[in-house]
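In what follows, a structure is listed as C-alpha cells, so that the remarks can point back to it.
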Amino acid sequence: MRGLLILVLLCLIPTSLSHAIPKRDANSMTSNQALNALKKTVRSDKLNCVVCSTIVQGISQLIAEDEEEEKINEFLVKSCETLDLWKPSICQGMIDVFASELYFVIERVVFTPEELCGIFVDDCGTPVHPLKVMWNLTIPGGKPAVKPWPVVNAPKKTQRVLHLADIHVDRDYAEGSEADCYDNDPVIGLCCRNDPDDDTKSAIKSPAGKWGSVHICDIPYRTFDAAMRHISETHKDIDYIILTGDLLSHDEWNYSEELTKNNLLNITQVLINYFPKTPIYEAVGNHEGVPCDSMAAHGMDEYDTRGPSWLYNTLADTWGRWISPESVEGVKYRASYVEYPSPGLKLISVNSVYCSGINFYMFINQTDPDGTLTWLISELLDSEAKGEKVHIISHIPAGLDYCLKGWAHNFYEIVNRFENTIAAQFYGHTHYDHFQVYYEDSNPAGRATHFNFIAPSITTKDYANPSYRIYTIDGGYEGASYTVLDSETYATDLDEANAKDEEPKWYLEYSAKESYGLADLSPASWADLINRMAVDDELFNKFHRFYFRSAHEENCVNDPACRQKYICAMRAAKSYEEDIFCAGSSTV
C-alpha cells in the first residue's frame, strides 16, 4: 500500500482537469487531455518530479508511522494549497470527497509508483496508462446484409422528441457575484458564486447576471424553471422527452448523497409540473455520482457500502413514473433499462459512466462492468430478430478520450454490428453542439455506418448559451423507420436577457437539414458534412457558431491546428484513436 498511496494527490489532479472545458478546445477536457494539460503544468514548474518526490516522501513517512487517513488527508490538503493547485476551500473539499475512494482503489491496483508517476510527470518513471486498458467482448456473428439508409419522403406519421442535456442547476448561484473569477481557465472551479476564499472582497469585474452568465458558471434555478415553462407553453406537440444526464452543478467538492438525492427529486418534480402527461426517458450522468463519476460495479469489495445502490434506487424512484416495473429493476441493478415509447421502437438507456476514466472504481476491473455491454448486445439481438428499431440514449459519447478505451472500442464494434437495427443515438456530456461518425473497419475514408447526436447543454458552463433540441422522427406507427428526419436547435441570449432585465427569449437557432444542406440525416450525409467543413470556410464557421450557440468568438477557421481538432473529433467515435481518425485530415 505504501508505494501506491503516494500518488493520491496526483490522481486527484486529473480528476479536476477532466471536468474543466477550456473555451479554446474542440471537446470537453478529457482524461487524456487532462494528462497533457498536467504535463504542460509540469513544464511551467507548477509541479515537477522533485515536487512529486517530496509528496512521495511525506506520505511514505506518514504511512510508516501508521498515521490515520485523516492525517494523510491533512498532508494532501496542505500540499494542494502550497502548490496552489486549487483554491483552499476546493483543496479541502476535493480531498474530503475523493480521498477515501482513491485510497481504496490504489490499494487494489497493481501499478508501481514509478509507473503511475510517469503518467503525470515527464522523465519521472515508466508510465502505465490505466485509461487505455483493453478487454475483449464477444461480438456475435451472423450480421445481416447491410440495408440502405431508409428514404422517407412522405412519412405516414412523425413524432417530436425533446432532448434536454446537461442542465446543471447551481443552487448557490449568486447574482452580482464575480462571473469572471479566474485569470485563466481553471483546473477546477465554478464562478458566479460567493467566494469563501476571497477575504479581500475584491471589486467585481464582471457581475453574474440575474439569468446566468456565459462564463465558468452553471445556471441559476430561475433560468431552469423559466426554460421548462417556455418549452411546455411553446411546444405543445412533444411526444416524449429524453434527458441524457447531469442535473447537478459542477461543485464536485461539495457533493453528498443527501444533497444529490434532494436535487434529483426537486428537478424531477419541476419536470412533472411542466410536463405532467409527457413521458420522460433519462440516462444517468457522471455528475449524479458521489463522488462525481463514482459508480462501482457489483462484485467489488465493499460494494454494499461503496457501491451506487443508493443512487440507483433514487433514480428508480424518480424515473419509475415513466418506465415499466421490469425497467425499474434494470435501473436498480446497473442504471440501464429498455422501454418502448412507440410501436416497433425499443429505447435503450445505457449507463456510460461505467466508461468514465474518472470513475476510479473501474481501475480495479474494467471488463464489462455489471455486464452492461453484454446486456446491450442481448437487447440488440432480440430487436434484430423481431425487426424492431432501437434508439440508444446515454451520457458520455464513446468518441471522447474521457471514455475508457476498452469500453469505447467494444461499443464501436457493437454499433457497427447492429447498424441495421440502431436507428439513432443521443448523448450529452460535452455541453457543446456536435456529432461523431462511425466507419466500417474504423476507416474514415470508407463507408460511414452510423453517427451520434451530441446535444448542447442547458448550462452555460463553459462559455456557451443555454440550448435545447427537438427531433422530428419518422415514427409512431408499425413499420416506421424511426430515423431522425431533422433536428431543430433552440437557444437564448443571456447577455440580452440580463441587459433588459427580462426572462430569456428563446429562438430557433438552426435546422440541421437546412443549415448544413443535408439531403437527409444519414451517416453518409454527416460524413460528407465533415469533409465539406474541412474545406468550406463559411460552412465551418457556421458549425463553430452553433457549437457555442453564438456565444464564443474565435478565429478558428484560419488556424489549421484549431480547425483540425474539430474535424478529427467528428470522425472519431471511439476514444484514443487519434492516429487513425486524424490521419490525412485536411483543413485547406
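Residue numbers run from 1 in the order of the sequence given.
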* Could you check H391 against F426 for ring pair (Phe, Tyr, Trp, His ring centres under 6.0 Å), going step by step and ending with a plain yes or no? => CA-CA 8 Å; H391 285 179; F426 308 95; 5.5 Å; yes

* Would you call the rings of H431 and H168 parallel, tilted or perpendicular if under 30° counts as parallel and over 60° as perpendicular? -> tilted

* Asked: Using a distance-only test with no angle check, is there a side-chain donor-acceptor pair under 3.5 angstrom linking N558 and N555?
  -> yes

* To do: Compute whether any side-chain donor of one residue and acceptor of the other, for T472 and D486, lie under 3.5 angstrom apart.
  => no

* To do: Give yes when the SG atoms of C217 and C191 are nearer than 2.5 Å, otherwise give no.
  => no

* Between R171 and N262, is any side-chain donor less than 3.5 angstrom from a side-chain acceptor? -> no

* To do: I would like to know whether I167 and L243 meet side chain to side chain contact (heavy atoms under 4.5 Å, CB included); could you show each step before the answer?
  => CA-CA 9 Å; I167 295 172; L243 173 53; 3.9 Å; yes

* To do: Consider only side-chain N and O atoms of H429 and D166, and report whether a donor and an acceptor are under 3.5 Å apart.
  => no

* Asked: Does a side chain donor of either H287 or Y255 reach within less than 3.5 Å of an acceptor in the other side chain?
  -> yes

* To do: Check whether the side chains of T244 and H163 place a donor and an acceptor atom closer than 3.5 Å, and report yes or no.
  => yes

* Step through it carefully: locate the ring centre of Y468, locate the ring centre of H235, and say whether they are under 6.0 Å apart. => yes

* Asked: Are C556 and C562 close enough that their SG atoms are less than 2.5 Å apart?
  -> yes

* Side-chain heavy-atom pair F581, C568 within 4.5 angstrom cut-off -> no

* To do: Indicate the ring-plane relationship of H230 and W506, choosing parallel, tilted or perpendicular according to the 30° and 60° boundaries.
  => parallel

* To do: Could I get the full list of side-chain hydrogen bond (donor to acceptor under 3.5 Å, both in side chains) partners for R222, not counting sequence neighbours?
  => none

* Asked: Which residue pairs satisfy the ring pair (Phe, Tyr, Trp, His ring centres under 6.0 Å) criterion with at least one member in residues 256-284, sequence neighbours excluded?
  -> Y240-Y281

* To do: Give the C-alpha distance, both sets of side-chain angles, the deciding distance and a yes or no for side chain to side chain contact (heavy atoms under 4.5 Å, CB included) between L400 and Q436.
  => CA-CA 10 Å; L400 303 181; Q436 296 167 338; 4.0 Å; yes

* Give a yes-or-no answer on whether the side chains of S575 and D401 include a donor-acceptor pair shorter than 3.5 Å. => no

* Could you give me the CA-CA distance, side-chain angles and deciding distance for V437 and I530, then say whether side chain to side chain contact (heavy atoms under 4.5 Å, CB included) is met? => CA-CA 9 Å; V437 173; I530 298 172; 3.7 Å; yes

* To do: Return yes if a side-chain donor-acceptor contact under 3.5 Å exists between S342 and Q159, otherwise no.
  => yes

* Would N286 and Y402 count as having a side-chain donor-acceptor pair, cut-off 3.5 Å? -> yes

* Asked: Any chance the side chains of R193 and S177 put a donor and an acceptor closer than 3.5 Å?
  -> no

* Ring centroid separation for Y427 and F453, is it under 6.0 angstrom? -> no

* Asked: Taking the six-membered ring for Trp, are W407 and F411 parallel (under 30°), tilted (30 to 60°) or perpendicular (over 60°)?
  -> parallel

* Answer with yes or no whether the side chains of Y337 and N351 bring together a donor and an acceptor at under 3.5 Å. => no

* To do: If the plane angle is over 60° it's perpendicular, under 30° parallel, otherwise tilted; pick one for W526 and F435.
  => tilted

* Decide side chain to side chain contact (heavy atoms under 4.5 Å, CB included) for V284 and W319; before the verdict, give the C-alpha distance in whole Å, the side-chain angles of both, and the deciding distance to 0.1 Å. => CA-CA 11 Å; V284 66; W319 300 353; 4.2 Å; yes

* Distance-only donor-acceptor check, side chains D474 and T483, under 3.5 Å -> no

* Asked: Will you find, in the side chains of E339 and S327, an N or O donor that is under 3.5 Å from an N or O acceptor?
  -> yes

* Examine distances only and state if a side-chain atom of N420 and a backbone atom of K147 form a donor-acceptor pair shorter than 3.5 Å. => yes

Review item, side-chain donor-acceptor pairs of residues 206-214, under 3.5 Å, at least two apart:
from	atom 1	to	atom 2	distance (Å)
W211	NE1	E502	O	3.1
S213	OG	Y173	OH	3.3
S213	OG	G209	N	2.9

* To do: Say whether Y490 and E488, considering side chains only, have a donor N or O and an acceptor N or O under 3.5 Å apart.
  => yes

* **Distance-only donor-acceptor check, side chains K346 and S383, under 3.5 Å** => yes

* Asked: For the rings on Y439 and H450, is their centre-to-centre separation under 6.0 Å?
  -> no

